[in-house]
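When a ligand or atom number is given, it counts from 1 through the structure's own listing order. Quantities reported herein were computed from a predicted structural model and do not represent experimental measurements.
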Amino acid sequence: MDFKIREALPKDAEQILLHTKICGGETDNLSYGEEGFSFTLKQETLFLENLLKSHNQILFVAEVDNKIVGTANYTTSNIKRLSHRGSIGLCVQRAYWNQGIATSFMENLIKFGKEEAKAKIISLGVRSDNEAAIHLYKKFGFEKIGTFEGYYEIDNELIDVDYMNLKL
Ligand SMILES: CC(C)(COP(=O)(O)OP(=O)(O)OC[C@H]1O[C@@H](n2cnc3c(N)ncnc32)[C@H](O)[C@@H]1OP(=O)(O)O)[C@@H](O)C(=O)NCCC(=O)NCCS
């Protein structure tokens, strides 16, 4: 299967909103479920327009046959004392798992963090029972720094989240 990773563009807004609904509905690993993002198409388009202008934040998409099947974001704070850190998050649609898309996303995110955002630390939060994602992050050198017990509440169940850092 061939896939392409590229920066998200404003014209992707509709597909990205649909993708978040698909991803959110397929796992309980994210901060949202099948409702996806609450943005309207107009809000998402504006968000993507602003993101394109940013030098220290980015959204990547993975495309298969011109269809968006994955997203990965890098965000940071513009507050001076926090801006040495970046945060990342990613989701690949289930039908496309285990084909290297997230690995390619991670390469792009880390390169962006180092070279564009000039980060010193990249952080992420991951459900403590998300073995595939933890395997992926460890592969890139991320180390667990702690556990936030009860970070999510899903269907009356409290879910722990591990925080992991990569020092650049
Ligand atoms: C986690 C996720 C991003 C991985 O995406 P992917 O495109 O399938 O990842 P890749 O194909 O690049 O790599 C998967 C790796 O995990 C491994 N893996 C898969 N299932 C695994 C499991 N249950 N336990 C341990 N490792 C596992 C694969 O063997 C592969 O390892 P390798 O590169 O050493 O061979 C994807 O499953 C996903 O989007 N899940 C839902 C949302 C999510 O959990 N996002 C992360 C939130 S922090």
Side-chain angles (χ1 to χ4, degrees), residues 1-8 12-39 44 47-48 51 57-77 85-114 117 119 121-155 157-168:
M1 185 202 66
D2 287 338
F3 63 86
K4 178 180 156 190
I5 306 283
R6 63 166 174 84
E7 186 170 7
D12 298 320
E14 192 171 1
Q15 275 212 63
I16 288 172
L17 289 176
L18 175 65
H19 164 76
T20 64
K21 290 189 170 72
I22 295 171
C23 255
E26 285 181 340
T27 76
D28 277 332
N29 291 337
L30 304 168
S31 56
Y32 52 87
E34 62 189 5
E35 73 282 4
F37 290 168
S38 56
F39 277 5
E44 180 69 16
F47 171 77
L48 293 169
L51 205 53
Q57 311 208 59
I58 196 164
L59 180 70
F60 291 108
V61 296
E63 277 184 323
V64 174
D65 297 332
N66 294 319
K67 182 181 154 222
I68 291 175
V69 301
T71 49
N73 71 307
Y74 182 104
T75 57
T76 191
S77 170
R85 294 200 267 123
S87 298
I88 61 170
L90 70 170
C91 189
V92 176
Q93 291 176 22
R94 187 180 286 268
Y96 302 89
W97 285 1
N98 294 316
Q99 305 195 54
I101 293 179
T103 297
S104 186
F105 271 149
M106 290 298 290
E107 288 163 359
N108 281 276
L109 290 166
I110 292 168
K111 186 169 190 283
F112 180 85
K114 262 188 200 161
I121 301 171
I122 301 180
S123 297
L124 59 85
V126 55
R127 271 181 72 137
S128 307
D129 59 2
N130 188 348
E131 291 177 6
I134 290 170
H135 171 88
L136 175 77
Y137 301 142
K138 282 187 176 162
K139 190 168 81 174
F140 283 91
F142 280 77
E143 291 177 1
K144 178 174 160 177
I145 55 165
T147 301
F148 190 140
E149 292 178 13
Y151 183 89
Y152 291 127
E153 185 181 20
I154 304 177
D155 298 332
E157 191 191 349
L158 292 181
I159 310 280
D160 298 345
V161 161
D162 288 353
Y163 272 84
M164 300 181 82
N165 278 358
L166 176 70
K167 291 190 185 139
L168 298 175

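Here the protein heavy atom with the shortest distance to atom 8 (O) of ligand 1 is Asn98 N, 2.6 Å. Regarding atom 24 (N) of ligand 1, its nearest protein heavy-atom neighbour is Glu131 CB, 3.6 Å. In this structure, atom 20 (N) of ligand 1 lies nearest to the protein heavy atom Ala132 CB, 3.5 Å. Looking only at heavy atoms of the protein, atom 33 (O) of ligand 1 is closest to Lys139 NZ, 2.5 Å. Scanning the protein heavy atoms around atom 48 (S) of ligand 1, the nearest turns out to be Tyr137 OH, 3.2 Å. Looking only at protein heavy atoms, the nearest one to atom 40 (N) of ligand 1 is Trp97 CZ2, 3.4 Å. The protein non-hydrogen atom at the shortest distance from atom 44 (O) of ligand 1 is Asn130 ND2, 2.8 Å.
For Tyr32, the ring-ring contact (aromatic ring centres under 6.0 Å, His included) partners at least two apart in sequence or on another chain are Phe37. The ring-ring contact (aromatic ring centres under 6.0 Å, His included) search around Phe112 returns Tyr74, not counting sequence neighbours.
Counting only heavy atoms, the protein never gets under 4.0 Å from atom 35 (O) of ligand 1.
Annotation: Thr27 places no N or O atom under 3.5 Å from an N or O atom of ligand 1; distance criterion only. Considering backbone and side-chain N/O atoms, Leu90 comes within less than 3.5 Å of an N/O atom of ligand 1. For Ala102, a nitrogen or oxygen atom sits less than 3.5 Å from a nitrogen or oxygen atom of ligand 1, counting backbone and side chain alike. Considering backbone and side-chain atoms together, Gly100 places an N or O closer than 3.5 Å to an N or O of ligand 1. When only interatomic distances are considered, the shortest N/O to N/O separation between Gln99 and ligand 1 falls below 3.5 Å. Distances between N or O atoms of Val92 and those of ligand 1 include at least one value under 3.5 Å.
A 4.5 Å side-chain heavy-atom check between Asp28 and Arg127 finds at least one atom pair inside the cut-off. No side-chain heavy atom of Ile122 sits less than 4.5 Å from a side-chain heavy atom of Leu109. At least one side-chain heavy atom of Phe140 sits less than 4.5 Å from a side-chain heavy atom of Thr103. In this structure, the side chains of Gln57 and Thr76 come closer than 4.5 Å at one or more pairs of heavy atoms. Looking only at side-chain heavy atoms (C-beta outward), Lys144 and Tyr137 stay at 4.5 Å or farther from each other. Leu136 is not listed as a side-chain neighbour of Phe105, based on a closest heavy-atom distance of 4.5 Å or more. Contact of the Glu143 side chain with the Ile145 side chain is not registered, since no non-hydrogen atoms from C-beta on lie closer than 4.5 Å. Residues Leu51 and Asn73 form no side-chain contact, since every pair of their non-hydrogen atoms from C-beta on lies 4.5 Å or further apart.
Counting atoms of ligand 1 from 1 in the listed order, those under 4.0 Å from a heavy atom of Cys91 are 39 (O), 42 (C). Close approach to Thr103 involves these atoms of ligand 1, each under 4.0 Å from a residue heavy atom: 10 (P), 12 (O), 13 (O). With ligand atoms numbered from 1 in the order given, ligand 1 contributes 48 (S) to contacts under 4.0 Å with heavy atoms of Gly125.
Proximity of Ser104 to ligand 1 is not established, as no heavy-atom distance is less than 4.0 Å.
Nearest approach of Gly113 to Leu168, heavy atoms of both residues: C-CD1, 4.3 Å. Listed here is the closest heavy atom pair of Gln15 and Ile68: OE1-N, 2.8 Å.
Contacts between His135 and ligand 1 below 4.0 angstrom, taking non-hydrogen atoms only, involve the side chain exclusively.
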